[in-house]
Amino acid sequence: MELWSRRKFFLTSLTGSVVASAGKLFGGTRSNGGGPTALSNLAPVAQGKRPLIISSANGLHALDKGMDILKKGGDTLDAVVAAVTVVEDDPNDDSVGYGGLPNEEGEVELDASVIHGPTHRAGSVASVRRIKNVARLAKTVMEKTNHVMIVGDGARRFAVAEGFEEVNLLTEHSRKIWLAWKARSSFNWRPGIDSPEWKEHMAAIFDGDETQIAYAERVIAHPPTGTIPCMAVDANGDISATTTTSGLSWKIPGRVGDSPIIGAGCCVDNEVGAAGSTGKGEENIKISGGHTIIEMMRQGKSPTDACLEAMARIARNYKNDKKKLGTFHIYFYAINKDGAHGAASLWRNGYEPSKQASYAVHDGTEARLMACTAYFDAVGGDQ
Ligand code: ASP
């Protein structure tokens, strides 16, 4: 897949009409144009199908791997970890694993979590450097220790002890973007921004490639986020989930988002379903989004409506002020025990220009993208 199209970045300059036509393409949204979705107007719980595996849109090409395991009667946690490992290994996905965009010091720091529904066990790791497959590492924490969460250098050392290979996670692509970010944000790392040398400096970093320069300028202006949550239910109704990420680009070293937080970026109750999230993790942590979604589904809400309720709590934290909410993006994804699924996005648009927010679903035939239900039927950004 093409390198530059994969990165999710926050969108500020799209006109509504571009996104509105993209919306038609993808099947539209259910929200009410500029205000929160009317929660009284709930969709019926969608018919489920098992086995089922879903993820954020960047997992579209990886879901086959998980579905193969589910079809052979394999374990749901093995299925979701196998799927996200494909994305962690992919240097072209700069939101996860190898090739993830680094922290402000140029170090890639990864977060991940797993939950195994049938045995009610969980594992997670945060701020891990130099270990590529952190979803598998989180699973190893779950299987081999009496802990749930290990962070920082302790997690790296645990990984080495368990036979994980140490690697440099920074690709040439992410190193150059990081250098460009440093050049833009620090006087020390660039010629004067208004000087003729600035353009030359950017051209030198990217060998004159205008597409890469434009991309770098976008992600520098709007530090991107990106992640893959993945959840599965098998033919028997057993459920597992994982979330793995390089977190917020240019973060302060040691910053941890929602992805490794059990009950926020990842939540499973084998009697109910599973939930995950992408986007600004800080907002999710404040409302324990994953747990909220599970409890809403327990009360009978569809996966989509449960995701919308979590979104409503985030919006309420900002008194539904769209200007403030427009400074970030966030998605929730959920499945229930019957194999029904849904996702909600704060804004109608995805991170990429001209695309509607979407997620990836595989229910046995083939993996496909489906539209998220938008909480605000409007384009996010600095409005
Ligand atoms: N939620 C992740 C975090 O806050 C990042 C993302 O999904 O984009 O670390």
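Everything numeric here is computed off the predicted structure, so don't read it as measured data. All ligand and atom numbering here is 1-based and tracks the order in the structure.
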query: When you measure from atom 1 (N) of ligand 1 to each heavy atom in Thr278, Asp258, Ile330, which option holds the nearest one?
result: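 It is Asp258 that holds the nearest heavy atom.
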Selection from Glu109, Lys280, Arg255 by shortest heavy-atom distance to atom 4 (O) of ligand 1: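 It is Arg255 that holds the nearest heavy atom.
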query: Is the closest heavy-atom distance from Lys251 to ligand 1 below 4.0 Å?
result: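 For ligand 1, residue contact (heavy atoms, under 4.0 Å) with Lys251 is absent.
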query: Looking at Tyr359, Tyr333, Tyr331, which hits side chain to side chain donor-acceptor pair (under 3.5 Å) with Thr278?
result: Tyr333
- prompt: Counting only N and O atoms by type, is there a donor-acceptor contact under 3.5 Å from the side chain of Asn133 to the main-chain atoms of Arg136?
  reply: no
- request: Could you tell me whether Ser259 approaches ligand 1 through its side chain, its backbone, both or neither, with non-hydrogen atoms closer than 4.0 Å?
  value: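 For Ser259, only side-chain atoms sit under 4.0 Å from ligand 1.
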- request: Count the heavy atoms belonging to other residues, nucleotides or ligands that lie under 6.0 Å from NZ of Lys324, then report whether that count exceeds 12.
  value: no
- prompt: Are more than 12 heavy atoms from other residues, nucleotides or ligands located less than 6.0 Å from atom NZ of Lys251?
  reply: yes
- prompt: Going by the order shown, which atoms of ligand 1 are within less than 4.0 Å of some heavy atom of Thr227?
  reply: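 Numbered from 1, ligand 1 contributes 1 (N), 2 (C), 5 (C), 6 (C), 7 (O), 8 (O).
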query: With Thr171, which residues qualify under side chain to side chain donor-acceptor pair (under 3.5 Å), at least two apart?
result: Ser174
- prompt: Do any nitrogen or oxygen atoms of Gly281 lie less than 3.5 angstrom from nitrogen or oxygen atoms of ligand 1?
  reply: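 Looking only at distances, the answer is yes, because the N/O contact criterion of under 3.5 Å is met.
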message: Does ligand 1 come near enough to Gly257 that some N or O of the ligand is less than 3.5 Å from an N or O of the residue?
response: no
field: Qualifying side-chain hydrogen bond (donor to acceptor under 3.5 Å, both in side chains) pairs, either residue in residues 149-163, two or more places apart
entry: Lys144-Glu162, Asp153-Arg156, Asp153-Arg157, Arg156-Glu166
